[in-house]
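Before any comments, here is the structure.
We count ligands from 1, going down the list as the structure has it; atoms in each ligand are counted the same way.
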Amino acid sequence: MKARIVTFLLIILLSPVIPAKGDDGYRLWLRYGRITDRAYLRECSKRLGSVMVNGGSPVLEAAYDELVTGLEGMTGMEIDMVHTPGGNWTVAAGTLQSTPLLASLLPDISPGSLGEEGYVIRTVKSGRRSLTLIASEGDRGVLYGVFHLLRLVSMQDPLHDLSILEKPAVTLRLLNHWDNLDGSVERGYSGCSLWNWHLLPHYISPRYRDYARANASIGINGTVLTNVNANALVLTPRYLAGVAAIADVMRPYGIKVYLTARFSAPSEIGGLATSDPLDAEVINWWRDKVTEIYTFIPDFGGFLVKANSEGQPGPQDYGRTHADGANMLADALAPYGGVVMWRAFVYDNNVPVDRAMQAYNEFLPSDGSFRDNVMLQVKNGPVDFQPREPFHPLFGAMKDTPMMMEFQITKEYLGCATHLVFLAPLFEEVLRSDTYARGPGSEVFRVIDGSLYGNRLTGIAGVANTGSDRNWTGHLFGQANWYAFGRMAWQPELSSGQVATEWIRMTLTHDKETEMGIKKMMLSSREAAVNYMTPLGLHHIMAEGHHWGPGPWVDQGRPDWTSVYYHRADTAGIGFDRTREGSTGVSQYFHPLDGILNDPHTCPENLLLWFHHLPWDYIMRSGNTLWDELCLKYQEGADSVEEYASFWETLQGEIDDEQYEHVRQMLVIQHNEAIWWKDACLLYFQTYSHRPFPEGVHPPEHDLDYYRGLKFYYVPGI
Ligand code: GCW
């Protein structure tokens, strides 16, 4: 014991005061770097030096391993592991059932109140000892509790008088990978796929475990490994063996594996003449296939399906409904407890209806006709992950169908991985939008957590931004979006500010002033991107195909894939008229929101051109004309990025050198691209407005032909 104290003191004395240099970002927010605050280290040594562990399941082993690694890394102590309740331990982590001592120290926790994933962290007195307890009713809850305690230490939060009780608000918290079997990632901007199918199942990359740890640390409990634009081959034994190998690595971290199911698989790989969901042979084929999958992966989660959407096969190819298709797969999965997540992202350019209205029209009539193990997975907005959209009108409208939220963490429409855009404010804005479905207070998060209609199945998915880049997400700040998604999936009411603070302290700095500056930048960065890309409710005006950079002039090809379809600029004005006199899109929202949106004077100005076509001289609340306001918003967006870049330069020496330099260069690119967006869009819209740029707007460097003529090859993500 004496020797240990001496070693500990030596480590404290010798530990560097300045954080280590050369952080390549691989460790994400789980850096477990040495704490230099001596008072805090003393507190750690008093409270966390010896851990009582009990129970040998793989999940508990993973939890204990993490606890020891994390604490030893951050404090430099050698953590004592005690296996009997009688020892001199200060921390205990376990389930209430397997550790009676925990139950006796927590008499107020009644059975069933925490569930498999909930946990308590509490400081209790036992004689003169002060103990820190982490308890759950399930192994996964213990794991989550351990990560919570490590977060507290990593943030250097107080460790005394802890009284925490957490339970996830949503049951399925999933990443969706748009990863292809050839290693490419659709809309992926951080390298190749994490899954190396060529080497699986024989080679298990150490990254798989680190991916699992990162996800578990933020409460993510499922991962869909493959692209929704699905390849049926993943359902063949060769690939299922690889899926099983990945599932083996995920399991100790409480993560289930899911796959995308290509609807035409029975014909493509099963040799059947049809994939009609009502055909007996097809039904049997899927039953057998599902049985086979469960022999490989006994805790397989289920299927995510994109059907009859953007050319993907589906039940409508055979004259059947989405419900017919989803229910057929659901029946095959039901005996094993698997679920179907059926995507609502459907629209068709042959349908002469506003694209933003089509999913609602398609799915509302089928409300209540899905099996119990089917969820409808709906993108946050009715078009497609734009920098800003109103919430999807299906939220609140489907009363008898569990609705799953789909956010996009990868930044397809937000500057790829190059731009610093913190997405928590976007998630928060959507989740807190009031649908009015059951009167005021019917926020989207209440649809998602099931409390609005009492749904049993609840879920939230994020399209992943991870890849083979050393730092996982391309841009360092992309990690914050992965982090934010997990934290807000666990607790949809969490604020963006709280999430930002956690991430900054765990990843970048503990210096208060630096933290405040970075937080300010992060929290305003989404609005900045909206301003330099699509202000005032504009949407879908990016370049075609790769979706990188501006393309308001795109007018060729499928009408609902052009820009002119959405901005509708002409000499009279700009914007998509979705009022009762226009496409009637507003009527898909509940009262009184429909009326609020229908009137340009009450419609939120940040969605004005989403719902209204207005004259260029329309007077905004600021007193500016619409044209001037539009120009000034674009300028404001570009100016914000310039400010971020200057602010970042003040951080040299304050944060890790490698991280500093990486972000510094990215911000320079982002600033140039923000100016590009501003100049290209304003010059283009000016051909309709015929008005000069107002004072304060920097004149574009080139003419419109220059921007229209730019061509790019090999943009990542396609
Ligand atoms: O936004 C579009 C993307 C496609 C994507 C599709 C979808 C996976 O451009 O790349 O396909 O959405 O969500 O299905």
Within the 4.0 Å heavy-atom sphere of ligand 1, strictly under, residues: W178, E186, R187, N227, V228, N229, K306, E310, R343, F345, K379, D384, E412, Y413, H547

Going by the rule ring pair (Phe, Tyr, Trp, His ring centres under 6.0 Å), which residues pair with Y239 if we only count those two or more places apart in sequence or in a different chain? W197

Going by ring pair (Phe, Tyr, Trp, His ring centres under 6.0 Å), H419 matches just one of Y532, F477, Y189. Which one? Y532

Kindly state whether the ring of F485 and the ring of W490 have centres lying under 6.0 angstrom apart. no

side-chain contact (heavy atoms from CB on, under 4.5 Å) filter on D469, not counting sequence neighbours, yields S190, N471

Enumerate donor-acceptor pairs with a distance under 3.5 Å from any side-chain N or O in residues 708-716 to protein atoms, sequence neighbours excluded.
none

Does the plane of the ring in H567 sit parallel, tilted or perpendicular to the ring in Y684? Use 30° and 60° as the thresholds. perpendicular

